[in-house]
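One structure is given below, encoded as structure tokens.
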Amino acid sequence: MSVKVLFVCLGNICRSPTAEGIFKARLKEQGLQHAVLTDSAGTAGWHVDKAPDARAIAAAAERGIDISGLRARQVTGNDFSEFDYILAMDEANLVDLKSFQPDDFSGRCCLYLDFAVNAPECEVPDPYYGGAEGFAHVLDLVEQAATGLLADIQKNHLAEVDSGAVSTRI
Ligand code: 4NP
């Protein structure tokens, strides 16, 4: 069964589709695109069905990543039944997510930058009202977090695949 990761921000047109696009590319590089499935969503529904912001598309394209095909949707309570990791870009997103989190959720619902070792910040800042440099900064941060997230998934979900021995997982 695949591991499922949901990236969450406010509008689902800037940060979370960028985080998803970067992480998907990492998975592909590692040949893990079938083992780990991704999606992104917004806590707000203002931009449902829209493509990512043109500035986010352009910033990702500068690093060779195409996020233009992603479409925004809003988080639902059902996401806690579907996903193993629900990763908030900032504290406000996390507070909103926690209001949906059922008591029996056994996955991780936390800040995405919790996975970024030595990141200078805890939150991915909202670039919507700023310039291109804000979008480049988002990319720097989510690239760092992608490394830590991939390591966490490898350790906690894919270890038996790596070792080739299903029964060794404790
Ligand atoms: P995101 O950025 O949460 O990273 O997608 C935003 C997108 C849209 C708005 C705010 C933040 N907005 O106010 O419409």
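We count ligands from 1, going down the list as the structure has it; atoms in each ligand are counted the same way. Residue numbers count from 1 along this sequence.
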Q: Only counting residues at least two apart or in another chain, list the ones meeting side chain to side chain donor-acceptor pair (under 3.5 Å) with Gln74.
A: none

Q) Would Arg73 and Asp49 pass as an ion pair if we require N to O under 4.0 Å? A) no

Q. Could you walk me through whether Asp39 and Lys4 pass the salt bridge (charged side-chain N to carboxylate O under 4.0 Å, His left out) check?
A. CA-CA 8 Å; Asp39 195 5; Lys4 295 182 80 177; over 6 Å; no

Q) Excluding sequence neighbours, so at least two apart, what forms side-chain contact (heavy atoms from CB on, under 4.5 Å) with Asp152? A) Tyr85, Arg108, Phe115, Asn156

Q | Protein residues having a heavy atom less than 4.0 Å from any atom of ligand 1 | A | Cys9, Leu10, Gly11, Asn12, Ile13, Cys14, Arg15, Trp46, His47, Asp126, Tyr128, Tyr129

Q: With sequence neighbours excluded, tell me which residues meet side chain to side chain donor-acceptor pair (under 3.5 Å) with Arg63.
A: Asp140, Glu143

Q | Nearest-0.5 Å distance, CD of residue Glu20 to OG1 of residue Thr38 | A | 4.0 Å

